[in-house]
Amino acid sequence: MRRVTYAMGVSLDGFIVGPDGGFDWTEPLDEVFRFWIDETRELGVHLLGRRLYETMLYWETAEQDPSLDAASLEWISVWNPLPKVVFSTTLAAVQGNARLASGSLAEEIERWRAEPGDGDIAIGGATLAAEAAALDLIDEYRVVVHPVLVGGGIPFFPHHGRRVGLELVETRTFASKVVHLRYRVARRPGVSPL
């Protein structure tokens, strides 16, 4: 069964966006950017909230920029063809290899899990992740911790009022002192989130 993963860059104090709305401190250096490219290769679909979708729209036309380096071009070659489902009540249309969600988050995840093929189901955006966590749909949390305290903003971890047991699956420390932590949600055997 395809895993549902939630992965984003986060400050040491737990935020994906700072109090000023900025996230320039998550701009990956070469080694971390390579990590994100490799992680994205393992995806079958990316489910995004509106804000993250709009942030990532840059990449739809970025290949026209002659100043892009080889890593950015490789990222485009991985990201742009990846199917994306956008959850929004305000957008009327989306671009690229994306479509607006036609069902609830649980319905979309169930649909993607039922389809043949490989690749994880990634969730991007704190609001969408909070909904998925409340429904117990997230199988793995993948946290890329940056060595900075931003003092507030949008938290990575959704606050849904319940305890979730996690099992550490993988850690990696990059030369830039960024740390990747991968945790699997500890579920009882035979219990499916859907």
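We number each residue from 1, following the sequence as shown. Since we're looking at a predicted model, the values are computed, not measured.
- In this structure, Leu100 and Ser88 approach most closely via the heavy-atom pair CD2-CB, 4.4 Å.
- Among residues two or more places apart in sequence or in another chain, the side-chain contact (heavy atoms from CB on, under 4.5 Å) test is passed with Leu149 by Leu12, Asp13.
- Applying the side chain to side chain donor-acceptor pair (under 3.5 Å) rule to Asn80 yields no partners; only residues at least two apart in sequence or on another chain are considered.
- When every heavy atom of Gly9 is checked against every heavy atom of Trp36, the shortest pair comes out as N-CZ2, 4.0 Å.
- Partners of Glu108 by salt bridge (charged side-chain N to carboxylate O under 4.0 Å, His left out), not counting sequence neighbours, listed by chain and number: Arg99, Arg111.
- Annotation for Glu27: atom CD does not count as buried by contact number, only 12 or fewer foreign heavy atoms lying within 6.0 Å.
- Here Val17 pairs with Phe23, Ile154 under the side-chain contact (heavy atoms from CB on, under 4.5 Å) rule; sequence neighbours left out.
- One hydrophobic cluster, built from ILVMFWY side chains closer than 4.5 Å, cannot hold both Trp25 and Ile16; they sit in different ones.
- The hydrophobic cluster containing Ile138 also contains Val164, counting ILVMFWY residues as joined when their side-chain heavy atoms lie under 4.5 angstrom apart, directly or transitively.
- The salt bridge (charged side-chain N to carboxylate O under 4.0 Å, His left out) check on Glu74 picks up Arg34, Arg41, with sequence neighbours excluded.
- Within 6.0 Å of the CZ atom in Arg51, the count of heavy atoms belonging to other residues, nucleotides or ligands does not exceed 12.
- The CD atom of Glu170 sits 8.0 Å away from atom CZ of Arg142, with the distance rounded to the nearest 0.5 Å.
- Taking the charged nitrogens against the carboxylate oxygens, Asp120 and Arg113 have no contact shorter than 4.0 Å, which rules out a salt bridge.
- Phe157 and Val148 are not part of a single hydrophobic cluster, where members link through side-chain heavy atoms under 4.5 Å apart.
- By the side chain to side chain donor-acceptor pair (under 3.5 Å) test, Ser72 pairs with Asp69, sequence neighbours left out.
- Using bins of under 30°, 30° to 60° and over 60° for the plane-to-plane angle, the ring pair His46/Trp79 lands in the perpendicular bin.
- Closest heavy-atom contact between Ile123 and Ala132: CD1-CB, 3.4 Å.
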> Could you go step by step and tell me if Asp65 and Leu68 meet the side-chain contact (heavy atoms from CB on, under 4.5 Å) rule?
Replying inline: CA-CA 6 Å; Asp65 182 347; Leu68 286 182; 3.9 Å; yes

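- The shortest distance between side-chain heavy atoms of Val185 and Glu140 does not fall below 4.5 Å.
- Inter-residue side-chain proximity for Val178 and Val145 is flagged as unmet; no heavy-atom pair is nearer than 4.5 Å.
- Closest approach of Pro81 to Ser77, counting heavy atoms only: CG-O, 3.1 Å.
- Hydrophobic cluster membership is shared by Tyr6 and Val179, with clusters built from Ile, Leu, Val, Met, Phe, Trp and Tyr side chains linked at under 4.5 angstrom.
- Minimum heavy-atom separation, Tyr53 to Ala98: CE1-CB, 4.2 Å.
- The two residues Gly152 and Pro19 come nearest to each other via the heavy atoms O-CD, 3.0 Å.
- For the atom pair OG1 of Thr26 and NE2 of His146, the computed distance is 5.5 Å after rounding to the nearest 0.5 Å.
- To the nearest 0.5 Å, the span separating CG on Leu48 from NZ on Lys84 amounts to 8.0 Å.
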>> Determine whether Val4 and Ile109 satisfy the following criterion, side-chain contact (heavy atoms from CB on, under 4.5 Å), listing intermediate values before the conclusion.
In response: CA-CA 8 Å; Val4 176; Ile109 289 173; 3.7 Å; yes

> When you look at Asp136 and Arg187, which way does the side-chain contact (heavy atoms from CB on, under 4.5 Å) test go after all the steps?
Replying inline: CA-CA 10 Å; Asp136 192 26; Arg187 290 196 174 92; 3.1 Å; yes

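- Every residue meeting the side-chain contact (heavy atoms from CB on, under 4.5 Å) condition with Thr171, not counting sequence neighbours, appears here in chain and number order: Leu168, Leu181.
- The structure places CG of Asp139 at 8.5 Å from OG1 of Thr5, a figure rounded to the nearest 0.5 Å.
- Between the CG atom in Leu128 and the CG atom in Leu52 there is a gap of 9.5 Å [rounded to 0.5 Å].
- The number of heavy atoms from other shown groups lying within 6.0 Å of CG (Asp38) is above 12.
- Hydrophobic cluster membership is shared by Trp59 and Leu82, with clusters built from Ile, Leu, Val, Met, Phe, Trp and Tyr side chains linked at under 4.5 angstrom.
- At least one side-chain heavy atom of Phe156 sits less than 4.5 Å from a side-chain heavy atom of Met8.
- Remark: Thr89 engages no residue in a side chain to side chain donor-acceptor pair (under 3.5 Å) (not counting sequence neighbours).
- With sequence neighbours excluded, the residues that form a side-chain contact (heavy atoms from CB on, under 4.5 Å) with Pro83 are Val45, Asn97, Trp112.
- Considering only residues two or more places apart in sequence or on other chains, Arg2 meets the salt bridge (charged side-chain N to carboxylate O under 4.0 Å, His left out) condition with none of them.
- With hydrogens and angles ignored, the 3.5 Å screen pairs a side-chain donor or acceptor of Glu107 with a backbone N or O of Ser104.
- A search for side chain to side chain donor-acceptor pair (under 3.5 Å) contacts involving Glu54 returns Arg50, not counting sequence neighbours.
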>> Under the criterion side-chain contact (heavy atoms from CB on, under 4.5 Å), I'd like the reasoning laid out for Leu47 against Phe87: C-alpha separation, chi angles, the key distance, then a yes or no.
In response: CA-CA 7 Å; Leu47 312 180; Phe87 290 79; 4.0 Å; yes

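- When the ring pair (Phe, Tyr, Trp, His ring centres under 6.0 Å) test is applied to Phe35, the partners found at least two apart in sequence or on another chain are Phe174, His180.
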